[in-house]
K.L.:
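Just passing along the structure, written as structure tokens.
Fair warning: this is a prediction, and the values are worked out from it, not measured in the lab. Just the heavy atoms: all of them, side chains too, but no hydrogens, waters or symmetry mates, feed the values below. To find a chain, count down the sequence lines: A is the first, B the second, and so on, and within it residues start at 1.
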There are 2 protein chains.
Amino acid sequence: MPKSVTLKDVAAKVGVTSAAASMALSGHERISEKTRAAVKQAAEDLGYVPSSAGRALRSQRADAVALVVPNSSAHVFGHLYFMHVLTGMSTAANAHDAQVIVSTNADTSNGGVAYERVMRSRTADGAIVTSAAIDDHHVEGLVASGLPVVLIGNYPHLADAVSVGIDDVAATEQLVEHLVTEHGRRRLLHVSGTLDHQTGIDRRDGFLRAAEMHGLTDVAVIEGDLAEESGAAAVEQVLRERTGDERFPFDGIVFANDDMAVGGLAVLRRAGVSVPGDVAVVGFDDFGFARVTTPGITTIRVPAEEMGRIATERLFDLVDQRPGGRAHTELGVEVVLRGSCGCDPERAAAPGPTHSH
Amino acid sequence: MPKSVTLKDVAAKVGVTSAAASMALSGHERISEKTRAAVKQAAEDLGYVPSSAGRALRSQRADAVALVVPNSSAHVFGHLYFMHVLTGMSTAANAHDAQVIVSTNADTSNGGVAYERVMRSRTADGAIVTSAAIDDHHVEGLVASGLPVVLIGNYPHLADAVSVGIDDVAATEQLVEHLVTEHGRRRLLHVSGTLDHQTGIDRRDGFLRAAEMHGLTDVAVIEGDLAEESGAAAVEQVLRERTGDERFPFDGIVFANDDMAVGGLAVLRRAGVSVPGDVAVVGFDDFGFARVTTPGITTIRVPAEEMGRIATERLFDLVDQRPGGRAHTELGVEVVLRGSCGCDPERAAAPGPTHSH
DNA sequence: CTGAAAGCGCTTACAG
DNA sequence: CTGAAAGCGCTTACAG
């Protein structure tokens, strides 16, 4: 492993002090044009890159931001959602010449959680926290500590925290509205996310509120956990509990995310229940799966990449002590219509892949 | 923002020097049991966490590893592949108390690429590089520089580099073998990845070699770029060029990855070509999509998470100067049989979701 | 055995 | 105007 080139090496080559070399590289005016050029040339020749540790120690700034993945969402690490958030973070971080650190929350050993250590050790100047459970006190502690943190999602109990999110209630209402108004569905099932996360609560509340507004009486909620299997399990439960001759007791299912919709769709298919013929299905997220199933899943497009990007911009505002705007930034969402609700007839009517000739 | 607690604060509280406090915290024997306990208590009370910059500067070690995403694969950043690799990296990094840095390769401004800067600045102790193009000279330079680097994939022209990968040639041969032997397909099309990446070349070569071994004469290769759209484009091209009465000129398509298979599948469906009836389809990767399409896509499961984990272990070997084993570690893969090749009749025969009653 | 300096690499505030 | 010290936080090697 090659010894790394320091500022001293560069300075020595030119015959100035390292202090002068530092100023030369940063374009300080007190260094003559000639010396400045010589130092820059020497730095280039030697392949000099400033030591991040030296610089961080001196400037009290790591030039890095961390993405925190709390324990409570460990099972969804590996999900495209994080990749989208990470992509957005990278875009913003690159613009600020900062590194992106991914902090999965392994070490709960020393009484503290990993991401708190990341912050306190100043490895990162600030953190983005996403998918935290409502009762995750570590998040509250972090926010309360005054360290720069931006939350992705809605945290009503942390009203002062800077956060970026969407309106899950309104978005879910839109989906229900669509099923009722456009497709005449009135017997609706909601398969919710975990109710210890605000998104789980909000999407369920949106469902219930819209159902009430439309005077729907045949509605039910089954609690899921956002995993594909839990969507499958919910549908299996309905199939098991239906009375004898019933085809399917609901004519629409609102899954709290696409993964569960995928799982539910597979079970419906195997049971010979037609989608959208017998049951209309909608999901939430649009991170990829919803586009490739047959039929495609009507869903809400969550702008995860933009959330990551904006959250990171807000985080730099905090780190640089720029007077922030609103504590919460709300991004718009979009309903994406596909075959599973009965829309997009071209696609829905196309021969299925198992069609024989 | 709260002022961070330093070792000096802890030492002051106990009435010892910061050097003594440092030794106490690291359990050095020369510090009395009593002082050790007092220092630990004080550290806990004050919420002391060592500064990573201070420690890194002193120990010449960042305790961080970087995942590098080269420019050439910028379009696939945001792909589940990276998330799997990242998950594996995190597992290994956590075990070594190290941070994971994600370095997308934005800054090509200063003549150097971002990940070279990450390495030279010692922000990370080493890097994992994946999806690098064959002619990416920056990778060669990095490897040649002697900095700790582990490559994911196969790099025949960098035979001395430490790397972790799978046998793409053999895996693709297995797929062809399956189509020929189990499903009697003999007119095969390969939609390749970009041929400036070794995986693109290897999967194509595996296809061609297996075709030759089985004496297939009706084979063709179309170069794609791993994106869903390019799989669609390849199939469209075939449809466009077929002669009048022909249904589909091939009875099997080997896509170099699942994404392209998904794109191809959609076009086939719209054209009324049955899968697997008229054409058997296979993909490569199994990062998610292949499982949720209808029919499911027969594919090769690439152990991306394990690749990330093992590459990171190898990287720590390098960083810690442990005598490494082989330069290249090859992981096994698994053929996953689903409906698109004609296997899994239970699923393939199940009523499609657009089936009407 | 223990106290305290030295130095990792950097940049700014100070002394001359 | 310019040279060089001081100090960010840490830990180890040295002096006493």
K.L.:
What is the distance from atom CG of Leu315(A) to atom CE of Met89(A), rounded to the nearest 0.5 Å?
P.N.:
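That separation rounds to 7.0 Å.
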
K.L.:
Please name the pair of heavy atoms, one in Ile31(B) and one in Ala20(B), separated by the smallest distance, quoted to 0.1 Å.
P.N.:
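Closest heavy-atom pair between Ile31(B) and Ala20(B): CD1-O, 3.9 Å.
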
K.L.:
Should Leu331(B) and Val164(B) count as side-chain neighbours, where that means a heavy-atom distance under 4.5 Å?
P.N.:
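Side chain of Leu331(B) against side chain of Val164(B), heavy atoms only: contact under 4.5 Å found.
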
K.L.:
Please list, by residue number, the residues of residues 49-65 of chain B whose heavy atoms come closer than 4.0 Å to an atom of DNA chain C; answer none if no residue qualifies.
P.N.:
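Heavy-atom contacts with DNA chain C come from Leu57(B), Arg58(B), Gln60(B).
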
K.L.:
Applying a 3.5 angstrom cut-off to the pairing atoms, does DNA chain D sit in any stems of at least three consecutive Watson-Crick or G-U pairs? List them by first number.
P.N.:
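As far as DNA chain D goes, consecutive pairing (with distances under 3.5 Å) yields the stems C:1-3 with D:14-16, C:5-12 with D:5-12, C:14-16 with D:1-3.
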
K.L.:
Do Ser4(A) and Tyr48(A) have side-chain heavy atoms sitting under 4.5 Å apart?
P.N.:
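Sidechains of Tyr48(A) and Ser4(A): no contact.
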
K.L.:
Does anything in residues 17-32 of chain A form a side chain to side chain donor-acceptor pair (under 3.5 Å)? List the pairs, not counting sequence neighbours.
P.N.:
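Qualifying pairs: Ser32(A)-Thr35(A).
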
K.L.:
Roughly how far, to the nearest 0.5 Å, is the CD atom of Glu305(B) from the OG atom of Ser90(B)?
P.N.:
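Interatomic distance, Ser90(B) OG to Glu305(B) CD, rounded to 0.5 Å: 9.0 Å.
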
K.L.:
When you check the side-chain N and O atoms of Asp63(B) and His96(B), is any donor under 3.5 Å from an acceptor?
P.N.:
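There is no such pair (donor and acceptor under 3.5 Å, judged by atom type) between the side chains of Asp63(B) and His96(B).
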
K.L.:
Between dG7(D) and dG16(C), how far is it from one P atom to the other, in whole Å?
P.N.:
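The same atom, P, in both gives a distance of 15 Å.
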
K.L.:
If I take atom OH from residue Tyr81(A) and atom CG from residue Leu86(A), how far apart are they, to the nearest 0.5 angstrom?
P.N.:
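Reported to 0.5 Å precision, the distance equals 11.5 Å.
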
K.L.:
Can you give me the first and the last nucleotide of DNA chain C (5' to 3') that has an atom within less than 4.0 angstrom of a non-hydrogen atom in chain B?
P.N.:
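With heavy atoms of chain B under 4.0 Å away, the range is dT2(C) to dG9(C).
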
K.L.:
Would you say that Val302(B) contacts Met307(B) through its side chain, given a criterion of any heavy-atom pair below 4.5 Å between the two side chains?
P.N.:
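Heavy-atom side-chain distance check passes, below 4.5 Å.
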
K.L.:
Scan residues 11-25 of chain B against DNA chain D and write down, sorted by residue number, each residue with any heavy atom closer than 4.0 Å; if none is found, say none.
P.N.:
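Under 4.0 Å from DNA chain D: Ser18(B), Ala19(B), Ser22(B), Met23(B).
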
K.L.:
Indicate whether any N or O donor in one side chain lies under 3.5 Å from an N or O acceptor in the other, for Asn154(A) and Ser163(A).
P.N.:
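Side chains of Asn154(A) and Ser163(A): no pair found under 3.5 Å.
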
K.L.:
My understanding is that only residues two or more places apart in sequence, or in another chain, count here; which of them pass side chain to side chain contact (heavy atoms under 4.5 Å, CB included) with Asp45(B)?
P.N.:
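If we apply the side chain to side chain contact (heavy atoms under 4.5 Å, CB included) test to Asp45(B), skipping adjacent residues, the hits are Lys13(B), Gln41(B).
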
K.L.:
Would you say the side chain of Thr329(B) lies within less than 4.5 Å of the side chain of Arg314(B), judging by non-hydrogen atoms?
P.N.:
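The answer is yes, as the side chains (C-beta and beyond) meet within the 4.5 Å cut-off.
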
